[in-house]
Amino acid sequence: MDSEELRSHVHALRAAGSTPKQIARTLGIPRSKAVELVHSGAGPRMERAMTTVEKRLVGCWITRQWSNGLSIENRPPDWIDDDDLPPQAMGAGLPSVAVVREHSDDEVSVCGYLVDTYCQGVKNAIPPHMMDRRDLTGYLAHFFSAYDREPLPAPIELAQNVVLGAVEYAQGLGFDPDPDFYLAKPHLGAWQPPSQIRFGLRGKPYFQQGPYDNPTRVMRTLDRSVGPGNYGFFTEVSID
């Protein structure tokens, strides 16, 4: 693949939460190259803003188990998910969402979001990224490659409620979204809060430690916002 295609795949995997080591293994490149591309910035084909006119929606996808642990008010019939939602299933509490809009006759514009629906809101985001329509299938395959099954097609209203609703919930707990979220937010279109989704694991904040989380900082923030004992957590290291 050419350098721009490689950069696109690296950004997709990074936004989905992959570490540079995992990216290197997935793409068959040296770890040093993966680190370089992760920190290489937007690249020449990354849009830094959308026009005020909303672009036509091409498609929207969300990972399975997105509704695991959540409650939904007046759930629309097209907000589909797996029927079986076991505790701690892959994707539970950490869904990824991709939104694709038309850019031109030959190109589409893609945004991606990694969402912590239990606690921290949007942890990673890809701002609008232009690509040839023919490359979209491969790009989406890389974006969702950290999950064990294919994503589900979703209406834009579901993406709005999951992504924007999770940001609103997390900010109430003291967590701001990834800075790139503000560049990716317009891709979701106009939305009227509040979300139909009740966030948190069964309504209670729950911290799942990721590779880039500082558990001490996160739990101190939760102590301030909801108080000790009023949230759940799972961490891979001891808390100072």
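These figures come from a predicted structure and were not determined experimentally. One-based numbering along the sequence shown.
- Atom CG of Asp180 is separated from atom CD1 of Ile126 by 9.0 Å, given to the nearest 0.5 angstrom.
- The closest donor-acceptor contact from the side chain of Arg101 to the backbone of Cys111 lies at 3.5 Å or more, if one exists at all.
- Considering only heavy atoms from C-beta on, Val218 stays 4.5 Å or farther from Tyr231 through its side chain.
- Among all heavy-atom pairs drawn from Leu94 and Leu114, the shortest one is O-CD1, 4.0 Å.
- Without hydrogens or angle criteria, Asp213 side chain to Pro215 main chain gives no donor-acceptor distance under 3.5 Å.
- A donor-acceptor pair under 3.5 Å links the side-chain atoms of Thr63 to the main chain of Ser96, judged by distance alone.
- Between Gly121 and Ala170, the shortest heavy-atom distance links the atoms N-CB, 3.4 Å.
- Of all heavy-atom pairs spanning Pro177 and Val167, the tightest one is CG-CG1, 4.0 Å.
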Tell me, with the steps shown, if Lys123 and Asp178 meet side chain to side chain contact (heavy atoms under 4.5 Å, CB included).
CA-CA 5 Å; Lys123 299 186 72 173; Asp178 179 82; over 6 Å; no

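- Summarising the geometry of Tyr147 relative to Gly91, their closest heavy-atom pair is CE2-CA, 4.0 Å, with the distance given to 0.1 Å.
- In terms of heavy-atom proximity, Pro127 sits nearest to Ala184 at CA-CB, 4.1 Å.
- Phe181 places none of its side-chain heavy atoms less than 4.5 Å from the side chain of Asp176.
- Counting only residues at least two apart or in different chains, side chain to side chain donor-acceptor pair (under 3.5 Å) contacts with residues 149-161 comprise Asp82-Arg149, Asn161-Ser195.
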Would you check, one step at a time, whether the test side chain to side chain contact (heavy atoms under 4.5 Å, CB included) holds for Arg64 with Asp81?
CA-CA 6 Å; Arg64 296 170 184 271; Asp81 197 3; 4.2 Å; yes

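- Looking at Asp106 and Arg133, their side chains never come closer than 4.5 Å, going by heavy atoms from C-beta outward.
- Note that the OG atom of Ser109 and the CZ atom of Arg56 stand 12.5 Å from one another [nearest 0.5 Å].
- Among all heavy-atom pairs drawn from Ala154 and Ile62, the shortest one is CB-CG2, 3.9 Å.
- Every residue two or more places apart in sequence or in another chain that forms a ring pair (Phe, Tyr, Trp, His ring centres under 6.0 Å) with Tyr169 is listed here: Phe199.
- The aromatic rings of Tyr139 and Phe143 lie parallel to each other, with less than 30° between the two planes, well short of the 60° mark.
- With values rounded to the nearest 0.5 angstrom, Leu164 atom CG is found 11.5 Å from Gln192 atom CD.
- Expressed to the nearest 0.5 Å, how far CZ of Phe175 lies from CZ of Phe207 amounts to 8.0 Å.
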Under the side chain to side chain contact (heavy atoms under 4.5 Å, CB included) criterion, do Tyr113 and Val99 qualify, and how do the steps go?
CA-CA 9 Å; Tyr113 315 82; Val99 178; 4.0 Å; yes

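- In this structure, the separation between SG on Cys119 and CG on Leu201 is 11.0 Å, given to the nearest 0.5 Å.
- Contact annotation: the side chain of Pro76 approaches that of Gln196 to within less than 4.5 Å [non-hydrogen atoms, C-beta and beyond].
- Identified under the side chain to side chain donor-acceptor pair (under 3.5 Å) test for residues 68-79, with sequence neighbours left out: Gln65-Asn68.
- Considering only heavy atoms from C-beta on, Gln208 comes within 4.5 Å of Gln88 through its side chain.
- Rounding to the nearest 0.5 angstrom, the gap separating the OG1 atom in Thr221 from the CG atom in Leu173 is 9.5 Å.
- Here the side chains of Leu222 and Phe233 are not in contact, with every heavy-atom distance at 4.5 Å or above.
- Under a hydrophobic-cluster definition in which Ile, Leu, Val, Met, Phe, Trp and Tyr are linked whenever side-chain heavy atoms come within less than 4.5 Å, directly or via other members, Leu85 and Tyr118 are assigned to different clusters.
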Would Val58 and Val110 count as a side chain to side chain contact (heavy atoms under 4.5 Å, CB included) here? Give the steps.
CA-CA 10 Å; Val58 173; Val110 186; over 6 Å; no

